[in-house]
Protein chains: 2
Amino acid sequence: MSSRLALREKPARPSARAKIIGAAIEQVRRQGFAATSVDDLCRAAGVTKGAFFHHFASKEALAVAGAEAWTEHARARIFTDAPWMGVADPLDRLIAHIEFRLAMIDGPVEAFTCFVGTMVQEAYATSPAIRQACDASITAYAERLAEDVQLAIDCHGMIHGITALGLAFHIQAVLQGAFILAKAKDDPAIARDSVRHLKRYLQMLFDPATAT
Amino acid sequence: MSSRLALREKPARPSARAKIIGAAIEQVRRQGFAATSVDDLCRAAGVTKGAFFHHFASKEALAVAGAEAWTEHARARIFTDAPWMGVADPLDRLIAHIEFRLAMIDGPVEAFTCFVGTMVQEAYATSPAIRQACDASITAYAERLAEDVQLAIDCHGMIHGITALGLAFHIQAVLQGAFILAKAKDDPAIARDSVRHLKRYLQMLFDPATAT
DNA sequence: GACGGCATACCAACCGGTCGGTATGTAATT
DNA sequence: AATTACATACCGACCGGTTGGTATGCCGTC
């Protein structure tokens with residue numbers, strides 16, 4: 001009931017747990033989930049195996065926690081902190097979003113590809129928990145994006161039969177597919193080409209006269 | 001120098017090698033490459049480990065052989081034997097191709113997803129040989145498809161800056177991305193939605209007035 | 001002195017790959 | 001026609017190392 005009140009905003013000790021998750025995101029993006037061993041992770045994170053299993057009940061539990069962390073990471077990077085958020089016109093903002101994603105596709109492949117998209121490919125049939133966590137992450141992004149798509153639709157109209165959420169998932173699909181091509185060619189250029197097709201599609205959908 | 005002339009058309013013994021590759025394609029599509037062990041494969045193919053390593057120098061060599069087999073498998077299934085090959089007008093044929101791919105996306109996820117697309121995600125950074133084999137398979141499909149895209153462009157024109165090959169790769173990207181969404185949701189419906197967006201994009205590209 | 005946050009030591013199962021060996025076929029030599 | 005020589009297809013026990021996971025103990029903070 002006295003002193004000792006500063007020095008603590010959160011229960012946060014960023015230490016072991018966060019470092020393990022960070023290492024997992026990095027390694028899984030490079031070599032997949034199954035090929036990433038717990039020992040590798042501990043080495044990369046600079047912790048021991050005891051610490052690992054203190055924080056995570058299993059390798060599978062780490063994957064789930066990683067997916068949740070990825071959701072927050074992506075939300076911050078792509079929405080909260082993104083420069084295109086300030087654009088006024090909803091359609092312009094949507095296009096700016098695509099251009100932002102386009103600009104992200106650069107440098108080494110493992111730096112811009114999707115952690116959960118990679119992981120779900122290996123785990124969808126063997127681990128319901130991981131599949132659900134990855135689905136939740138992808139869906140969270142799509143639902144957030146759908147808000148902006150809906151604003152653009154409200155403002156500029158849309159062809160019958162197309163929903164904001166459906167279009168948001170399609171944007172996700174093109175990005176995920178572009179990542180696969182980039183991995184196959186070990187070159188981001190082919191991925192950017194695909195995202196430019198996506199941008200053109202959106203422009204044509206919202207204004208059939210505009211064909212870049 | 002008499003009798004014994006029937007009973008032999010080819011040196012073909014379809015046996016062990018083909019069965020192993022078939023098992024690999026099946027298992028990798030379900031659970032990925034790293035999570036598929038050589039022992040699993042032998043069990044599924046009904047051969048012994050000795051037979052496996054007689055036919056393949058390593059697990060990596062099997063992956064490469066599998067990718068090559070997949071290229072042929074896909075070529076036969078999607079081009080040679082496909083019903084849409086007969087359509088006369090190049091654009092109609094291209095759209096029929098997309099509709100054919102759309103119809104393929106049905107049933108359990110592991111039945112319609114792409115073997116090389118799955119594998120390259122895990123191997124691009126760790127195995128140059130596998131990455132190249134997967135790239136070759138994807139590129140072979142894109143180049144074959146680009147022939148038909150080019151015919152449609154010759155016939156109906158195209159916006160400046162879009163190439164047949166680039167568009168063919170984009171089609172590949174959408175399909176690959178659609179597969180990931182299907183895995184995340186364990187449901188083909190979301191993948192079909194994306195391919196319908198792709199179809200609409202093609203129709204708008206070739207005729208801006210047509211908006212389904 | 002209880003408890004969270006680690007470290008050390010260890011385990012059984014499984015991993016990709018090797019190895020000595022067998023069964024069968026083919027083709028040239030004798 | 002029998003012998004030799006070699007190739008192909010396959011078997012299954014075995015190897016060293018790695019796997020995910022556990023059991024236990026130490027140590028600083030409340």
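Here is the naming used below: chain letters follow the sequence lines, and residue numbers restart at 1 for every chain. Any value given below was found using the heavy atoms of this structure, including those in side chains, with hydrogens, waters and symmetry copies removed.
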For [X] and [N], give me the distance from atom [atom1] to atom [atom2], rounded to whole Å.
X: Leu62(B); N: dC15(C); atom1: CG; atom2: C1'; result: 16 Å
X: Gln31(A); N: dT18(D); atom1: CD; atom2: C1'; result: 14 Å
X: Lys59(A); N: dT22(D); atom1: NZ; atom2: C1'; result: 18 Å
X: Phe52(A); N: dT8(C); atom1: CZ; atom2: P; result: 17 Å
X: Lys19(A); N: dA7(C); atom1: NZ; atom2: C1'; result: 14 Å
X: Phe53(A); N: dC11(C); atom1: CZ; atom2: P; result: 17 Å
X: Asp39(A); N: dA13(C); atom1: CG; atom2: P; result: 19 Å
X: Asp40(B); N: dC15(C); atom1: CG; atom2: P; result: 6 Å

* Side-chain donor/acceptor of Glu122(A) to backbone N/O of Phe33(A), under 3.5 Å -> yes
Looking at [X], does any N or O in its side chain come under 4.0 Å of the phosphate oxygens OP1/OP2 on [N]?
X: Ser37(A); N: dT19(D); answer: yes
X: His55(B); N: dA9(D); answer: no
X: His54(B); N: dC10(D); answer: no

* **Polar side-chain contact Lys49(B)-dG17(C) base: donor and acceptor under 3.5 Å** => yes
* To do: Kindly state whether the ring of Tyr201(B) and the ring of His170(B) have centres lying under 6.0 angstrom apart.
  => yes
* To do: Assign each of Gly50(A) and Thr36(A) to its nearest nucleotide of DNA chain D by heavy atoms, then name whichever residue's nucleotide is nearer the 5' end.
  => Thr36(A)
* To do: Could you check Ala51(A) against Val38(B) and say which one's nearest nucleotide on DNA chain C is further toward the 5' end?
  => Ala51(A)
* Please check if any side-chain donor atom of Lys59(B) sits under 3.5 Å from a side-chain acceptor atom of Thr36(B), or the reverse. => no
* Please state whether the rings of Tyr141(A) and Phe79(A) are parallel, tilted or perpendicular, taking 30° and 60° as the class boundaries. => tilted
* Taking atom OG of Ser194(B) and atom CD of Gln176(B), what is their separation to the nearest 0.5 Å? -> 12.5 Å
